[in-house]
Amino acid sequence: MVSRRIIPPIVIGLLVITTPGCESQPTGLTAAGEVTAKEKPVSGVVITLQPVPPTQGPKATALVFDGRFEFGPDAGLTAGQYRVRFSLLPPEFRQAAPEEQRSKFPPEGSVIPAKYDSQSNEIWELKSDQENRSQYEITIR
């Protein structure tokens, strides 16, 4: 089993890079879910939630590991609609991960098609009065 103590430095570094200037107070809104490719859990993928106007708040990112992701209350998410995007963990973070984790990442040179990232039409509506869970099936080439 992978030590959870190893993952937080990667996630913290990723959040610092992808959400500069985020000074929101925790809202208490959380979201979590699963991501698969070819019906198998994926690792080394980043999920990004980008608010769709009129939804306000910062964009938020989370690392997908063993097919699971979670946005805690400190992500600053508010109720509303978010565009969902997936990308591979940047090379500098891949290289910094322990071998045990890297062995679960997609092979070097893999890509996630634009329809899951820059051209994503996937919208997730987060609600404050219910559990926010979702499942996604993506393609990694």
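In this chain, residues are counted from 1 in sequence order.
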Indicate yes or no for a side-chain donor-acceptor contact from R102 to the backbone of A97 under 3.5 Å, with no hydrogens or angles considered. yes
Test side-chain contact (heavy atoms from CB on, under 4.5 Å) applied to V84 and T48, step by step: CA-CA 6 Å; V84 182; T48 301; over 6 Å; no
Rounded to the nearest 0.5 Å, what separation is found between the CD atom of E34 and the CD atom of Q135? 5.0 Å
Closest approach of P51 to G57 (non-hydrogen atoms, all atoms of both residues): CG-O, 3.2 Å
Compare every heavy atom of A32 with every heavy atom of W124, then report the nearest pair and how far apart it is. CH2-O, 3.7 Å
Supply the atom-to-atom distance S43 OG to R94 CZ, rounded to the nearest 0.5 angstrom. 10.5 Å
How far apart are the closest heavy atoms of L29 and S128, and which atoms are they? CD1-CA, 3.9 Å
Minimum heavy-atom separation for P58 to Y82, with atom names? O-CE2, 4.4 Å
Restricting to side chain to side chain contact (heavy atoms under 4.5 Å, CB included), what partner residues turn up for V52, sequence neighbours left out? Q81, R83, I123
Looking only at heavy atoms, which two atoms of A79 and T55 are closest? And how far apart? O-CG2, 4.0 Å
From CG (L77) to OG1 (T30), nearest 0.5 Å: 8.5 Å
Here the gap from R85 atom CZ to Y116 atom OH, rounded to the nearest 0.5 Å, amounts to 15.0 Å
E39 atom CD, neighbour heavy-atom count above 12 within 6.0 Å: no
Could you give the distance from CG (L126) to CZ (F71), rounded to the nearest 0.5 Å? 8.5 Å
Please find the pair of heavy atoms, one from P106 and one from S110, that lie closest to each other, and give the distance. CB-OG, 3.7 Å
Stepwise side-chain contact (heavy atoms from CB on, under 4.5 Å) check, V45 with I140: CA-CA 10 Å; V45 170; I140 300 176; 4.1 Å; yes
Count the heavy atoms belonging to other residues, nucleotides or ligands that lie under 6.0 Å from CD of E137, then report whether that count exceeds 12. yes
With side-chain contact (heavy atoms from CB on, under 4.5 Å) as the criterion, how do F86 and I47 come out once you've worked through the C-alpha distance, each side chain's angles and the decisive distance to 0.1 Å? CA-CA 5 Å; F86 297 93; I47 180 172; 3.7 Å; yes
Begin with the C-alpha distance, continue with both residues' side-chain angles, and end with the deciding distance and a verdict on side-chain contact (heavy atoms from CB on, under 4.5 Å) for T139 and I112. CA-CA 6 Å; T139 300; I112 294 178; over 6 Å; no
Atom CZ of F105 and atom CG of L89: how far apart are they, to the nearest 0.5 Å? 5.5 Å
Backbone of Q56 reached by a side-chain donor or acceptor of T78 within 3.5 Å: yes
